[in-house]
Trainee: 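Okay, here's the structure, questions in a sec.
Keep in mind that this is a model prediction, so the values were computed, not measured. A, B, ... follow the sequence lines: proteins, then strands. Residue 1 opens every chain.
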2 protein chains.
Amino acid sequence: MEDKIRTLLKGYGLSITESRLGVLQFFYSNNGAMTHADIEKQAGNKMDRVTIYRTLQTFEEKGIIHSIPSADNMVRYALCKEQCTAGHHHDNHVHFLCNTCGKTSCLDHVLVPKVKLPKGFLPSESNMVVRGTCNLCRA
Amino acid sequence: MEDKIRTLLKGYGLSITESRLGVLQFFYSNNGAMTHADIEKQAGNKMDRVTIYRTLQTFEEKGIIHSIPSADNMVRYALCKEQCTAGHHHDNHVHFLCNTCGKTSCLDHVLVPKVKLPKGFLPSESNMVVRGTCNLCRA
DNA sequence: GTAACTGCAAAATATTTGCATCCTT
DNA sequence: AAGGATGCAAATATTTTGCAGTTAC
């Protein structure tokens, strides 16, 4: 696992550091979206708040993670699954935000549908967030 | 115009105050989505920052405005066009965020399409934001 | 007159920046 | 060794809360 992460970082031209390994670990083991606060909590006092900000920013710029729009004011991040390159994200999947457990999941296999826009509007990318009850909370 | 707004407020059981009239004026004349900062700027120093927070919160609770999730993580608000009631929003339309002018528009006639979710996921509401270039900026 | 709304002050949170130090390559 | 990354301190920015004074009805 750690090897996989190291390779990933190298592939993006980033140096391998404690913090970056740590944050990526969280993303891989959590398998969902996380806020800055989630990461901070999970890191305990091992990681400086500022470092987390900078790490997330770097990861997003490089295309390792993407931010998920939400109506509740909290920025969430999740791993990019497809070929995201610096500055160009292709996370063309739907996100699901559970009203019960609060977790956000990437529905990797549900693509954001194209919509017909009014005359004159030129789309470049779309985002879709569905709220409701997730598979685990319905059980 | 002001009469229309007064009637609206009354209809929602809210008392008619300077601030509320003002904020609604902005929404009606702007015909787009606005952030808290937009409103504050537009109000100059006429309106207290805190009052704006509370006004927006009240309006959202009552179903007069709805918040729009966005990928750049700034909460935007726009008028509800359909029959939104307290706690129950039905702004089932797509939002368009222009990368050039930064304005967010409600595409009232473009409905958010239904998507087929994985087994176990129960949707309650959906949001969709398309980014790109708006009709005005393409001219 | 009463309940609701506002403004001010201040607390609580969240985010950004500068810089000296440490780590990766 | 050199450039990049981190940690700390502090500057900014954002949001929330309490309360006294004011306003709408």
Trainee: Could you check if a side-chain atom of A:M47 sits within less than 4.5 angstrom of a side-chain atom of A:T55, using non-hydrogen atoms only?
Mentor: no
Trainee: Can you find a pair of side-chain heavy atoms, one from B:S15 and one from B:R20, that are under 4.5 Å apart?
Mentor: yes
Trainee: From the list D:dT6, D:dA24, D:dA5, which nucleotide is the closest neighbour of the side chain of A:R20?
Mentor: D:dA5
Trainee: Axis-to-axis angle across the helix from C:dG1-D:dC25 to C:dT25-D:dA1, five pairs an end, to 10 degrees?
Mentor: 40°
Trainee: Ring-plane angle category for B:H95 and B:H66, please: parallel below 30°, perpendicular beyond 60°, tilted otherwise.
Mentor: tilted
Trainee: Starting at atom CD of B:E40, determine the distance to atom P of D:dT14, rounded to an integer number of angstrom.
Mentor: 8 Å
Trainee: Does D:dA5 have its OP1 or OP2 closer than 4.0 Å to a side-chain nitrogen or oxygen of A:S15?
Mentor: yes
Trainee: Hey, could you give me the CZ/CD1 distance between B:F96 and B:I68, rounded to the nearest 0.5 Å?
Mentor: 13.0 Å
Trainee: Identify, with sequence neighbours excluded, every residue that meets ring pair (Phe, Tyr, Trp, His ring centres under 6.0 Å) alongside B:Y77.
Mentor: none
Trainee: So do A:N127 and A:V112 actually touch side chain to side chain, heavy atoms under 4.5 Å?
Mentor: no
Trainee: For B:R6 and D:dT23, give me the distance from atom CZ to atom C1', rounded to whole Å.
Mentor: 13 Å
Trainee: Tell me, which of residues 41-50 of chain B have any heavy atom that sits under 4.0 Å from an atom in DNA chain C?
Mentor: B:D48, B:V50
Trainee: Could you check A:R54 against A:H36 and say which one's nearest nucleotide on DNA chain C is further toward the 5' end?
Mentor: A:H36
Trainee: List for me each residue that meets salt bridge (Lys or Arg N to Asp or Glu O under 4.0 Å) alongside A:R49, sequence neighbours excluded, and say none if there are none.
Mentor: A:E40
Trainee: Look at all strands and tell whether A:S19 reaches a base, only sugar-phosphate, or nothing, counting heavy atoms closer than 4.0 Å.
Mentor: sugar-phosphate
Trainee: Give, for atom CD of A:Q42 and atom CZ of A:F27, the distance between the pair rounded to the nearest 0.5 Å.
Mentor: 10.0 Å
Trainee: What is the first contacted nucleotide of DNA chain C and what is the last, in 5' to 3' order, if contact means an atom lying under 4.0 angstrom from a heavy atom of chain A?
Mentor: C:dA14 to C:dT25
Trainee: Within the 4.5 Å heavy-atom criterion, are A:K114 and A:P123 side-chain neighbours or not?
Mentor: no
Trainee: Between B:L21 (CG) and D:dA24 (P), how many Å, whole number?
Mentor: 10 Å
Trainee: Restricting to non-hydrogen atoms, name the atom on A:V110 and the atom on B:V115 that form the minimum distance, rounded to 0.1 Å.
Mentor: CG1-CB, 4.0 Å
Trainee: If the condition is side chain to side chain contact (heavy atoms under 4.5 Å, CB included), which residues does A:Q25 pass it with, not counting sequence neighbours?
Mentor: A:M1, A:E2, A:I5
Trainee: Using whole Å, report how far CD of A:Q57 lies from P of D:dG4.
Mentor: 15 Å
